[in-house]
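Order of the sequence lines sets the chain letters (A, B, ...), proteins ahead of strands, with each chain counted from 1. Please read all numbers here as calculations on a predicted model, not as lab measurements.
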2 protein chains.
Amino acid sequence: MNTRPDPVTPLTMRDVAERLGVSTMTVSRALRGQRGIGEATRQRVLAEVAALGYRPNKLARGLRTGGPSELIGLVVTNLANPFYSQLAVGVEEVCVRYGARVMLGSTSEDPDVERDVVTDLLERGVDGLVVVPASHDHSHLGAERLRDTPVVLAASPPMDIDVDCVLVDDFGGTRAACRRLIERGHRRIGFLGLPPSLWTGSERFRGYALALEEAGIAVDERYVSRHRGDSTLAREAARAMLALPDHPTALLTANNRNTVGALLALRDRPDDGEPVALAGFDDIELADMLHLPLTVVSYDAAEVGRAAASLLFERQRSTAPLHPRRVTIATTLIDHPVPR
Amino acid sequence: MNTRPDPVTPLTMRDVAERLGVSTMTVSRALRGQRGIGEATRQRVLAEVAALGYRPNKLARGLRTGGPSELIGLVVTNLANPFYSQLAVGVEEVCVRYGARVMLGSTSEDPDVERDVVTDLLERGVDGLVVVPASHDHSHLGAERLRDTPVVLAASPPMDIDVDCVLVDDFGGTRAACRRLIERGHRRIGFLGLPPSLWTGSERFRGYALALEEAGIAVDERYVSRHRGDSTLAREAARAMLALPDHPTALLTANNRNTVGALLALRDRPDDGEPVALAGFDDIELADMLHLPLTVVSYDAAEVGRAAASLLFERQRSTAPLHPRRVTIATTLIDHPVPR
DNA sequence: CGCCTGTACGTTACCGATAACTTACCAGCT
DNA sequence: AGCTGGTAAGTTATCGGTAACGTACAGGCG
């Protein structure tokens, strides 16, 4: 009598009900703490449930109630990038607070994959999506494809669709960093950046350009390099810039990889010249251990995720249609000193 | 006639069927490319499906077929840690290959949270679980709680339960690093490690101890510090060790944070003495940019995830009960030179 | 005693899809 | 015409759970 039912067939509510000689509805009520059931019966049911190790099937529940699946889809380009894993941490944190879980999808920066992933997540009944778009084409996130699943874009504003988004203050952060360099007396500031087709690339360049303009400095094209690529490319660009007779006295880098490239180029440089200052977007681990001072634009990537998830749940809860909203996450300027 | 049905009620297969005046079964067959339907009808159905933007509900499908949910639960302590985000990347990669998705759960290293997360994931019908355990208590992963959902532990061997696991070669990696130091003539090697209660802590110390023994060197307790904590603690420990009159000529660190602590302690040290060599478990970003040579034990964290997911799917596919298996991921020794 | 109210359950239908079975229809053959 | 066989559809039951409704019985009250 102590043997369990066939293990390949998972335990169902009816199994529990039949053992007790009650209806499945009674078990359901007992489990969900609903009223309409006697206390004694409830205890009997809960005891049997515990004894059998029965667990309700949340999928079936959601099917009937038509209620939320308490599932959020998170679509990122590449989880290995610390920015996205931090973002995931933030999304997860808020989801758990609302009793939801995160379903993951990586796109490897491929728009076609992104489309498939989004479709799959929708078919799996997610209540909402947080998407870091792989490209500027957001047509697969339009209303007709999503029905009424809310979406929040992260790190990129929506194009031709009406959805919420969470952005980083790319413009303000870069402007502040550039100002800091200007305050320190630099007039010839080189910029190592991203292609203008990227929102991020365009905004960060704008911050750089405005800070210069505000200081009455003209943008010198010889001091500007905007490329898509890794730190090797950035290193070459920095090296070329520093080889100019009137080379920049400071470099401003638009992201992590450019910063690393610049660091390498600076280190390659003979020590006899004036030191070249460096500031960059994105904080760098162990920046404190480098033997040159580094100013970085830092921000809380997890906060981007938290904000995105919060927008999602707010929209889910509100009955009235909300206008598309845009949240911008602030940046901080950090001066990493040289140790000792 | 072109208006869609009530948008709050998602499109169902019946909606499509009714519009065409066919049965849901016909739609189902058309969508799944089953036989038993005329080519003309199929085209008509597919056209309508496309026009309406109908998407089948995978949950409902799974409910009826009783087949796999094509969902894997991934339970980690903290996604912000690069090791775990890399692991997630690996798990995701393999899952996608098998047409499955990953559902995420973070435990914040809290065993109680871990238990709840596991329960929740099981209720959501995952086909399998990859778990990085938060503690040595694995009782909530035992057969009676899981029924027949396969589990793979990552980075920690199972305790009192029979499940598969994927480990990193903690022992071999540390031993190799220690040997490298010995080869370079070091005899007094300090060890900054983790508490012995952790599998990882114990294994890495064992590697250190054996390498010494093989070289005929006795372990000197004054050169060993095993603590749970951050890099600050490690820094203090390293500083104390280096302050000894016959201080170690090399340090071996058991993980990332200890390595950072050691780096800080080494930098605080006056430059006049002999340089102290450093080797550590876990690779460090920008290690090439530090101005001291660093040897690290590197391994592919994504591979741990890939291996774990593969074990899961293999077990899922095999009908015969498999014995618990154990996979160990190899490590590599990398010498990071000082730049230039 | 009849009537009403409230509680504690059981019954039924249904959520969205599919497996298994059944029916309708047509061509080809004797 | 009558039979057979094959294909293209429709019908029904079902997955595991829940909402809505029905029912039985207790107690209160005039």
Side-chain angles (χ1 to χ4, degrees), chain A residues 5-6 8-46 48-49 52-71 122-127 147, chain B residues 5-6 8-46 48-49 52-71 122-127 147:
Chain A
D6 183 5
V8 297
T9 309
L11 224 47
T12 147
M13 194 175 263
R14 204 160 66 203
D15 296 329
V16 181
E18 277 171 4
R19 289 197 172 226
L20 293 165
V22 299
S23 76
T24 59
M25 208 49 223
T26 301
V27 178
S28 175
R29 280 193 265 251
L31 280 171
R32 287 176 304 142
Q34 262 193 351
R35 23 168 275 127
I37 182 173
E39 191 50 35
T41 314
R42 167 166 321 214
Q43 293 307 329
R44 239 166 26 105
V45 171
L46 293 182
E48 187 68 13
V49 162
L52 259 53
Y54 165 75
R55 262 187 302 271
N57 181 331
K58 284 194 178 167
L59 277 61
R61 174 181 305 189
L63 186 58
R64 165 67 225 222
T65 61
S69 61
E70 310 204 301
L71 244 172
L122 289 172
E123 287 176 358
R124 287 177 189 271
V126 294
D127 291 338
R147 306 270 152 213
Chain B
D6 183 8
V8 297
T9 309
L11 225 49
T12 146
M13 194 175 263
R14 204 163 65 204
D15 297 328
V16 180
E18 277 171 4
R19 289 197 171 227
L20 293 165
V22 300
S23 75
T24 58
M25 212 44 227
T26 302
V27 179
S28 175
R29 280 193 265 249
L31 280 171
R32 287 176 306 142
Q34 263 192 352
R35 26 168 275 121
I37 182 173
E39 191 49 36
T41 315
R42 161 159 310 163
Q43 292 307 331
R44 235 166 30 102
V45 171
L46 293 182
E48 187 69 11
V49 162
L52 260 54
Y54 164 76
R55 261 188 301 272
N57 182 330
K58 283 194 179 167
L59 277 62
R61 163 143 53 196
L63 184 58
R64 168 65 231 223
T65 60
S69 61
E70 310 203 302
L71 243 169
L122 290 172
E123 286 176 358
R124 288 176 189 273
V126 294
D127 291 339
R147 306 266 154 216

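Using a 4.5 Å cut-off on side-chain heavy atoms (C-beta onward), A:Val45 and A:Leu20 make contact. With contacts defined as side-chain heavy-atom distances shorter than 4.5 Å, the pair A:Leu71/A:Arg124 does not qualify.
Within 4.0 Å (heavy atoms only), A:Gly125 reaches no atom of the nucleic acid at all. Residue contacts shown for B:Ser23 include a base, since a base heavy atom lies under 4.0 Å away. If you check every strand for non-hydrogen atoms under 4.0 Å, B:Gly38 touches sugar and phosphate atoms only. Across all strands shown, B:Glu39 has no heavy atoms under 4.0 Å from either base or sugar-phosphate atoms. Nucleic acid contact for A:Leu63: base, since at least one base atom lies under 4.0 Å from a heavy atom of the residue.
Between the side chains of B:Arg61 and B:Thr65, no donor N or O sits under 3.5 Å from an acceptor N or O.
Note that the OG1 atom of A:Thr24 and the CG atom of A:Asp15 stand 11.0 Å from one another [nearest 0.5 Å]. The line from OG of B:Ser28 to CZ of B:Arg64 is 11.0 Å long, rounded to the nearest 0.5 Å.
Here the P atom of nucleotide C:dT18 and the CG atom of B:Leu59 are 12 Å apart, to the nearest Å. One can place CE of A:Met25 at 9 Å from C1' of D:dA20, the figure rounded to the nearest angstrom. What separates CZ of B:Arg42 from P of D:dA8 is a distance of 9 Å, to the nearest Å. As a whole-Å value, the separation of B:Arg44 CZ from D:dA8 C1' is 13 Å. If you take CZ of A:Arg14 and P of C:dG10, they are 15 Å apart, rounded to a whole angstrom. Here D:dG17 presents its C1' atom at 13 Å from CD of B:Glu123, a figure rounded to the nearest Å. Note: CZ (B:Arg124) to P (D:dG17) measures 15 Å, nearest angstrom. For the pair B:Arg35 CZ and D:dA8 P, the interatomic distance rounds to 8 Å; values are reported in whole Å.
Considering only side-chain N and O atoms, A:Tyr54 lies nowhere under 4.0 angstrom from the phosphate OP1 or OP2 of D:dG16. Contact annotation: A:Thr24 side-chain N/O to D:dT18 OP1/OP2 distance is not under 4.0 Å. Contact check, B:Ser28 against C:dA17: no side-chain N or O comes under 4.0 Å of OP1 or OP2. Phosphate contact (OP1/OP2 of C:dA17, side-chain N/O of B:Thr12, threshold under 4.0 Å): present. Taking only side-chain nitrogens and oxygens, A:Arg32 comes nearer than 4.0 Å to OP1 or OP2 of D:dA19. In this model, the phosphate group of D:dA8 is not approached by any side-chain N or O of B:Gln34 to a distance below 4.0 Å at OP1 or OP2. Put simply, A:Arg55 has no side-chain N or O that comes within less than 4.0 Å of OP1 or OP2 on D:dG17. Here B:Thr41 does not reach the OP1 or OP2 of D:dA8: none of its side-chain N or O atoms lies under 4.0 Å away.
In terms of position along DNA chain C, the nucleotide closest to B:Asn57 lies nearer the 5' end than the nucleotide closest to the other residue of the pair B:Arg29 and B:Asn57. If you find the closest nucleotide of DNA chain C to A:Arg64 and to B:Met13, the one lying nearer the 5' end belongs to A:Arg64. With DNA chain D read from its 5' end, the first of the two nearest nucleotides for B:Thr65 and B:Ile37 is the one closest to B:Ile37.
B:Arg29 places no side-chain N or O within 3.5 Å of a backbone atom of B:Arg42 that could act as its donor or acceptor partner.
In terms of polar N and O atoms assigned as donor or acceptor, the side chain of A:Arg61 never comes within less than 3.5 Å of the base of D:dT18 in a complementary pairing.
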